[in-house]
Amino acid sequence: MKITRQEFARRRKTLMEVMEPNSIAIVPAAPERPRSRDTEYPYRQDSDFHYLSGFPEPGAVLVLIPGREHGEYVLFCRDRDPAREIWDGYRAGPEGACRDYGADDAFPIDDIDDILTGLLEGRERVYYAMGKDREFDRQVMDWVNSIRARVRSGATPPGEFLDLNHFLHDQRLIKSAAELRLMRHAGEISARAHKRAMHFCQPGVMEYQLEAEIHHEFAMAGARFPAYSTIVGGGANGCILHYIENSSALKDGDLVLIDAGCEYDIYAADITRTFPVNGRFSTEQRALYDWVLKAQKAAIAEVRPGNHWNRPHEISVRVLTEGLVALGLLQGEVDALVENEAYREFYMHRVGHWLGLDVHDVGDYKIDGQWRLLEPGMVMTIEPGLYIAPDNERVPKKWRGIGIRIEDDVAVTRDGCDVLTADVPKEADDIEALMAGSEPAG
Ligand code: GLY
Ligand code: MN
Ligand code: MN
């Protein structure tokens with residue numbers, strides 16, 4: 001199921017093909033990040049670095065030099081160190097980097113100053129993602145400056161810096177068959193986790209307990225970490241878009257909004273479901289829910305090659321505005337309300353985002369100022385919502401504090417799209433039936 005060595009090699013080749021002559025690309029691994037004093041957050045590799053190498057360790061730098069005789073793909077990494085490995089675990093070392101990860105040439109990271117300076121010298125252009133890591137930016141400049149300092153002895157420093165992201169992120173936007181398989185798997189695991197939470201839920205359960213159910217399902221399926229902080233918001237907490245405190249008790253009569261997706265082999269899933277804590281929607285909850293669902297389905301129906309990126313969003317805005325008028329939450333003509341963005345009081349985010357190695361994945365949404373056209377292999381979320389603030393005195397009390405979002409992951413196919421997260425119910429009747437069932441959701 002994992003990405004093969006051949007695929008990693010193809011990715012590097014594709015990138016090198018668009019690099020200018022006599023150039024070099026530099027991509028650092030993610031740094032380790034302290035959580036408290038001398039303990040660190042679990043390590044997560046940088047997505048760009050992973051995409052090109054599959055190398056899982058910190059303390060590494062990937063270098064691509066198209067046309068270099070002694071090897072185009074150079075990896076700097078931590079040396080083997082039996083004493084350190086007893087504490088921190090196995091290291092591939094330069095030998096393992098070549099043997100197991102396909103590097104043409106590999107060196108200890110401690111030697112990078114000398115060796116990379118040598119590799120940079122005489123190259124005209126450097127592809128590098130400036131501005132992401134201050135510390136590494138400084139290192140890159142130090143390497144270049146050390147060559148500049150020797151110009152009078154004949155050294156030639158690179159003359160131009162180019163944005164690596166421009167090419168690399170365009171490449172990452174279109175998913176391969178293997179990537180789509182991984183993302184589908186991440187979607188399936190995440191769907192099971194949402195069903196598990198629906199089944200477990202009842203009044204009095206704490207939000208963090210639903211989070212625990214979700215994370216249990218992730219980990220038991222081999223996806224140890226969520227792709228982002230899990231959101232479990234009961235009642236009005238569902239109106240806080242990035243609510244991650246997850247610390248309240250769930251109340252009879254409230255909805256609960258869960259936004260959770262696992263990371264499987266570093267690929268993200270991103271699902272939101274909103275359901276009644278006691279298993280039955282109230283009249284107002286159901287009315288709002290059905291409009292959000294209608295908007296979500298209408299937006300998904302617009303995901304196909306040739307439609308532009310913003311088309312699903314536009315449709316979601318129209319349907320939700322119609323719903324807000326039908327329910328009496330907005331007054332006026334739909335066209336005018338869309339035009340003057342009256343819906344934004346209740347629908348203040350966009351319909352979705354690219355999805356991939358990062359939950360908010362890379363890739364431009366516009367090209368030359370125009371919304372980008374959808375192409376097969378792109379994956380996005382479709383996640384409209386309605387949020388009636390608990391203190392909104394312009395609407396009748398019965399609506400206040402209801403927050404609803406429904407989110408699925410959608411891959412663009414040759415003639416339409418494929419929902420990768422379809423295994424978790426979203427019809428209100430199906431959710432009620434699942435929650436009324438006595439067997440754990442499978
Ligand atoms: N979970 C983050 C998002 O839905 O965009
Ligand atoms: Mn989400
Ligand atoms: Mn999302």
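Order of appearance sets the numbers: ligands from 1, and atoms from 1 within every ligand. Quantities reported herein were computed from a predicted structural model and do not represent experimental measurements. Basis for what follows: all heavy atoms, side chains included, without hydrogens, waters or symmetry-related copies.
- Between the side chain of E432 and the backbone N or O of P276, no donor-acceptor pair lies under 3.5 Å.
- Of all N/O/S atoms in H353, NE2 sits nearest the Mn ion (ligand 3).
- Both tests pass for R11 against the ring of F8: distance under 6.0 Å to the centre and angle within 45° of the axis.
- For the pair H215 (side chain) and P226 (backbone), a donor-acceptor distance under 3.5 Å is absent.
- Annotation: H308 is not in aromatic contact with Y365 [ring centroid separation under 6.0 Å not met].
- Remark: side-chain polar atoms of W354 are paired, donor with acceptor, to backbone N or O of G363 under 3.5 angstrom.
- The neighbour count for R99 CZ, taken as heavy atoms of other residues, nucleotides or ligands under 6.0 Å away, is above 12.
- With respect to atom 5 (O) of ligand 1, the closest heavy atom belonging to the protein is H360 NE2, 2.7 Å.
- Checking D270 against the Mn ion (ligand 3), an N/O/S atom falls under the 2.8 Å cut-off.
- Taking 2.8 Å as the threshold, H360 does not count as a candidate ligand of the Mn ion (ligand 3), since none of its N, O or S atoms lies below it.
- With respect to the Mn ion (ligand 3), E407 has OE2 as its nearest N, O or S atom.
- Only the side chain of D270 comes within contact range of ligand 1, with a heavy atom under 4.0 Å; no backbone atom does.
- The nearest N/O/S atom of E383 to the Mn ion (ligand 3) is OE2.
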